[in-house]
Amino acid sequence: MIDSIIKEGKIVPSEITVKLLQEAMIKSENDKFLIDGFPRNQENRLSFENVIKISPEFVLFFDCSEEELVRRLLGRNQGRADDNIETIRKRFRVFEESSLPVVQYYDSKGKVKKINAAKPIPEVFEDVKTIFQSYGPKAA
């Protein structure tokens, strides 16, 4: 079911996603988590915060043009069913309509760490490392 939803460029229902995340978080026995691509809409955000009772320390936002996104996704050659021009463009529209308001919400709370993802990949990686290092173990 999840695969068919993803192939259509749509978002998996919040109840399913939050339950899977909660199970994984409990099983991991960790106190810090990196959750990639979630929440993708306001419903996800509310469901996550209400069920799991956690608000993120920060949100990492990779800012990049649609053209660059298409170029990189089509060039990654991973054989994914959703790596085609039509699905990528649908996903970008869904992002603009559903996910961008979540980014804007967290930005209004001062929690967004924005990365210029149009830069060469090694530079983007260095920018990401810098952000995570600032949230790592504190020096004594």
Side-chain angles (χ1 to χ4, degrees):
M1 178 183 76
I2 291 174
D3 282 343
S4 66
I5 292 170
I6 291 171
K7 282 180 188 172
E8 290 294 317
K10 296 180 181 173
I11 293 175
V12 176
S14 295
E15 314 81 61
I16 294 171
T17 307
V18 170
K19 188 172 223 39
L20 290 171
L21 283 170
Q22 186 175 38
E23 288 173 15
M25 291 168 76
I26 291 167
K27 287 178 185 174
S28 78
E29 299 180 5
N30 290 315
D31 64 347
K32 292 184 180 178
F33 304 94
L34 172 63
I35 303 173
D36 180 22
F38 189 86
R40 292 197 178 205
N41 59 34
Q42 294 287 28
E43 180 191 358
N44 282 173
R45 180 187 66 77
L46 289 168
S47 181
F48 183 81
E49 290 178 0
N50 290 332
V51 171
I52 301 185
K53 309 288 187 220
I54 296 174
S55 180
E57 184 78 23
F58 68 95
V59 172
L60 191 58
F61 176 56
F62 292 90
D63 192 21
C64 144
S65 70
E66 183 175 1
E67 294 75 28
E68 180 65 11
L69 175 74
V70 168
R71 187 184 71 74
R72 289 187 182 181
L73 290 175
L74 290 177
R76 69 182 176 180
N77 256 347
Q78 292 182 344
R80 291 176 44 160
D82 58 344
D83 279 354
N84 62 72
I85 192 76
E86 297 81 21
T87 303
I88 291 169
R89 293 211 186 277
K90 280 185 196 175
R91 285 172 28 207
F92 197 79
R93 294 288 89 68
V94 170
F95 168 78
E96 289 179 322
E97 295 166 8
S98 299
S99 300
L100 196 53
V102 174
V103 173
Q104 292 164 338
Y105 169 81
Y106 285 121
D107 195 32
S108 75
K109 305 286 184 197
K111 294 188 174 205
V112 172
K113 306 294 181 194
K114 191 174 185 179
I115 299 284
N116 176 359
K119 296 192 303 188
I121 293 170
E123 291 179 36
V124 172
F125 180 66
E126 289 302 316
D127 291 346
V128 171
K129 278 183 13 184
T130 299
I131 290 172
F132 276 94
Q133 287 168 348
S134 69
Y135 287 90
K138 305 293 182 220

| field | ILVMFWY network linking Val124 to Leu60, side-chain heavy atoms under 4.5 angstrom | value | yes
| query | Under a 4.0 Å N-O cut-off, is there an ion pair linking Glu66 with Arg93? | reply | yes
| Just checking, any donor-acceptor pair under 3.5 angstrom between side chains of Lys111 and Ser55? | yes
| query | Are the side chains of Asn41 and Ser14 in touch, meaning some heavy atoms are under 4.5 Å apart? | reply | yes
| field | Side chain proximity check, Lys19 to Glu23, heavy atoms < 4.5 angstrom | value | yes
| query | Any side-chain heavy-atom pair from Ser99 and Asn44 closer than 4.5 angstrom? | reply | no
| For the atom pair CD (Gln22) and CD1 (Ile26), what is the distance rounded to the nearest 0.5 Å? | 4.5 Å
| Nearest 0.5 Å, what's the CG-CD distance between Asp63 and Glu68? | 11.5 Å
| query | For atom NZ of Lys119, is the number of surrounding heavy atoms from other residues, nucleotides or ligands below 6.0 Å larger than 12? | reply | yes
| query | To the nearest 0.5 Å, what is the distance between CZ (Phe61) and CG (Asp107)? | reply | 9.0 Å
| If you group Ile, Leu, Val, Met, Phe, Trp and Tyr by side-chain heavy-atom gaps below 4.5 Å, do Phe58 and Ile115 land in one group? | yes
| request: Evaluate the criterion side chain to side chain contact (heavy atoms under 4.5 Å, CB included) for residue pair Ile2 and Leu20; output intermediate values, then yes/no. | output: CA-CA 12 Å; Ile2 291 174; Leu20 290 171; 4.1 Å; yes
| Considering only heavy atoms from C-beta outward, does the side chain of Thr17 approach that of Arg40 to under 4.5 Å? | no
| query | Given side chains that start at C-beta, do those of Phe48 and Ile35 come closer than 4.5 Å, heavy atoms only? | reply | yes
| request: Go through the steps to decide whether Glu57 and Lys113 satisfy the test side chain to side chain contact (heavy atoms under 4.5 Å, CB included), and finish with yes or no. | output: CA-CA 10 Å; Glu57 184 78 23; Lys113 306 294 181 194; over 6 Å; no
| message | Can you give me the closest heavy-atom contact between Cys64 and Ala118, atom names plus distance? | response | CB-N, 4.4 Å
| query | Does one hydrophobic cluster hold both Phe125 and Ile131, with members joined at side-chain heavy-atom distances below 4.5 Å? | reply | no
| query | Taking a hydrophobic cluster as the set of Ile, Leu, Val, Met, Phe, Trp and Tyr residues connected by side-chain heavy atoms closer than 4.5 Å, whether directly or through intermediates, do Val102 and Phe62 fall within one such cluster? | reply | no
| message | As a quick check of understanding, evaluate side chain to side chain contact (heavy atoms under 4.5 Å, CB included) for Arg91 and Leu69, giving each step before the final call. | response | CA-CA 11 Å; Arg91 285 172 28 207; Leu69 175 74; over 6 Å; no
| task | Taking the side chain as every heavy atom from C-beta outward, state whether Tyr135 and Lys32 have any pair of such atoms under 4.5 Å apart. | result | no
| said: How about CZ on Phe132, more than 12 heavy atoms from neighbouring residues, nucleotides or ligands closer than 6.0 Å, or not? | reply: yes
| field | Joint cluster assignment, Ile85 & Phe92, ILVMFWY side-chain distance < 4.5 Å | value | yes
